[in-house]
Amino acid sequence: MLAASFVIAVIAAGPPWRAVGSGVEHMTMVDDGIHAEFVRFDLARYRPEVVVLGANGARTAVAARTEASAAAAVNGGFFDTDWRPLGLRIAAGKTIVKLRPRVDWGVLVLRRDRAAIVHSKEFQPDPAIEAAIQVGPRLVVAGEALRLKPQSARRTAVALDRAGRFLTLVVTRDSTEAQRLAEMLARLGFDSALMLDGGPSSQLSAAVGPWELEMRGGYAVPDLLVIRRR
């Protein structure tokens, strides 16, 4: 009850974001057993990129971030037993993997300095799309937590404000129920949120100036979301 009461008080006063660089903020949140790290980027200053490497080029988040001289990297979407990405991947404006039809997933769509999360069936190709990744489930839609199947694992997610100007990377330190994470994100005021791959895939590497955050996963992954300064 102490953790839950703490979060209610914090949310009433506003989440405790801390600036760690120009256009980058960090927050640690403990909510009734959920321990999560949040890193928020101003998309006017930072560009998210989908990086598809495949089985032979798989990288950890820290390796991908370091090699790209990027501010952050997290694991991407689902992949099969041959480490081939499952679902839409658009990188540098080019479709690398086609949209996976008839799945109840979402798509993170990235255009210049804006981001959006749409259901797979609502996705429309557009030359202005710089990057996209299809995965799921969606956690929050129009500020409301969705009803999700019971499932517990370490989690990676992305969350957006209503205007899509700020993209937040979310990674839990421990196994977490998807429903509880969705409800936490809705309480924190996010307008939309999408789950990336979880379990051993879940990992985050961030470094902005002297500030660093490393949350290692179980193995290298074949695609990632990398955040670079514009």
side-chain contact (heavy atoms from CB on, under 4.5 Å) between Leu110 and Ile129: does it pass, once the steps are laid out? CA-CA 6 Å; Leu110 301 161; Ile129 295 174; 5.9 Å; no
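- Checked by atom type and distance alone, the side chain of Gln134 pairs as donor or acceptor with a backbone atom of Leu88 at under 3.5 Å.
- Considering all non-hydrogen atoms of both residues, Gln203 and Thr156 come closest at N-OG1, 3.8 Å.
- The 12-atom threshold is not exceeded at CG of Asn56, counting heavy atoms of other residues, nucleotides or ligands nearer than 6.0 Å.
- Taking the centre of each ring, Trp211 and His26 come in below the 6.0 Å mark.
- For the atom pair CZ of Arg102 and NZ of Lys121, the computed distance is 13.5 Å after rounding to the nearest 0.5 Å.
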Stepwise, does the salt bridge (Lys or Arg N to Asp or Glu O under 4.0 Å) test hold for Glu130 with Arg112? CA-CA 7 Å; Glu130 295 181 344; Arg112 193 164 181 180; over 6 Å; no
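- If you chain together hydrophobic residues whose side chains sit under 4.5 Å apart, Val226 and Val20 never meet in one group.
- The cluster map of Ile, Leu, Val, Met, Phe, Trp and Tyr, joined by side-chain heavy atoms under 4.5 Å apart, puts Val170 and Leu146 in the same cluster.
- Of all heavy-atom pairs between Gly77 and Val135, the closest is CA-CG2, 3.7 Å.
- Put simply, the side chain of Asp31 never gets that close to the backbone of Ile34: no donor and acceptor are under 3.5 Å apart.
- Residues Phe78 and Tyr219 fall into different hydrophobic clusters, defined by Ile, Leu, Val, Met, Phe, Trp and Tyr side chains chained together at heavy-atom separations under 4.5 Å.
- With hydrogens and angles disregarded, a donor-acceptor distance shorter than 3.5 Å links the side chain of Thr60 to the backbone of Ala63.
- Side-chain N or O atoms of Thr172 include one that pairs as donor or acceptor with a backbone N or O of Arg155 at under 3.5 Å.
- Nearest heavy-atom pair, Gly199 versus Ala153, reported as atom, atom and distance to 0.1 Å: N-CB, 4.0 Å.
- The distance from atom CD1 of Ile117 to atom CG of Leu160, rounded to the nearest 0.5 Å, is 4.0 Å.
- No side-chain donor-acceptor contact under 3.5 Å links Gln179 to the backbone of Lys149.
- Every residue two or more places apart in sequence or in another chain that forms a salt bridge (charged side-chain N to carboxylate O under 4.0 Å, His left out) with Arg59 is listed here: Glu67.
- Between the side chain of Arg154 and the main chain of Ser202, a donor-acceptor pair closer than 3.5 Å is present.
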From CA spacing to verdict: side-chain contact (heavy atoms from CB on, under 4.5 Å), Phe38, Leu188: CA-CA 11 Å; Phe38 297 72; Leu188 288 170; 3.7 Å; yes
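- The hydrophobic clustering, which links ILVMFWY residues whose side-chain heavy atoms are closer than 4.5 Å, places Ile96 and Leu225 together.
- Between the side chains of Arg65 and Ser205, a donor-acceptor pair is found at a separation under 3.5 Å.
- Under a 3.5 Å cut-off, the side chain of Asn75 and the backbone N or O of Asp223 do not form any donor-acceptor pair.
- Using modelled atom types, no side-chain atom of Glu214 and backbone atom of Val62 make a donor-acceptor pair closer than 3.5 Å.
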Show me the donor-acceptor pairs, under 3.5 Å and distance only, between side chains in residues 43-52 and residues at least two apart or in other chains.
{"from": "Arg45", "atom 1": "NH1", "to": "Ser22", "atom 2": "OG", "distance (Å)": "2.4"}
{"from": "Tyr46", "atom 1": "OH", "to": "Arg229", "atom 2": "NH1", "distance (Å)": "3.0"}
{"from": "Arg47", "atom 1": "NE", "to": "Glu49", "atom 2": "OE2", "distance (Å)": "2.9"}
{"from": "Arg47", "atom 1": "NH2", "to": "Glu49", "atom 2": "OE2", "distance (Å)": "2.8"}

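- Not counting sequence neighbours, the partners of His119 by the side chain to side chain donor-acceptor pair (under 3.5 Å) test are Asp104.
- Within a 6.0 Å radius of CZ in Arg162, no more than 12 heavy atoms belonging to other residues, nucleotides or ligands are found.
- Between the side chain of Asp82 and the main chain of Arg84, no donor-acceptor pair closer than 3.5 Å is present.
- The list of ring pair (Phe, Tyr, Trp, His ring centres under 6.0 Å) pairs with a residue in residues 171-197, not counting sequence neighbours, is empty.
- Evaluation of the salt bridge (charged side-chain N to carboxylate O under 4.0 Å, His left out) rule for Asp42 yields Arg165 as partners, not counting sequence neighbours.
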Criterion side-chain contact (heavy atoms from CB on, under 4.5 Å) on His35 and Thr28, from CA distance to verdict: CA-CA 7 Å; His35 186 177; Thr28 299; 3.6 Å; yes
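- Judged by the 6.0 Å and 45° rule, Arg138 forms no cation-pi pair with Trp105.
- Of all heavy-atom pairs between Ala157 and Leu139, the closest is CB-CD1, 3.9 Å.
- Rounding to the nearest 0.5 Å gives a distance of 10.0 Å between CG of Leu99 and CD of Gln124.
- We find that Arg173 and Glu37 are joined by a salt bridge, their nearest charged nitrogen and carboxylate oxygen being less than 4.0 Å apart.
- Side chain of Arg40 to main chain of Leu169: no donor-acceptor pair is present (N/O by atom type, distance under 3.5 Å, no hydrogens or angles).
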List the atom pairs, donor and acceptor, that lie under 3.5 Å between side-chain atoms in residues 191-198 and the rest of the protein, sequence neighbours left out.
{"from": "Asp197", "atom 1": "OD2", "to": "Ser201", "atom 2": "OG", "distance (Å)": "2.9"}

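- Note: the hydrophobic cluster containing Phe123 does not contain Ile133 (ILVMFWY, side chain heavy atoms under 4.5 Å, direct or indirect links).
- Considering CZ of Arg114 and CG of Leu167, their distance stands at 12.5 Å, rounded to 0.5 Å.
- Distance check: Met184 CE to Glu177 CD gives 14.5 Å after rounding to the nearest 0.5 Å.
- Rounding to the nearest 0.5 Å gives a distance of 12.5 Å between CZ of Phe41 and CZ of Arg230.
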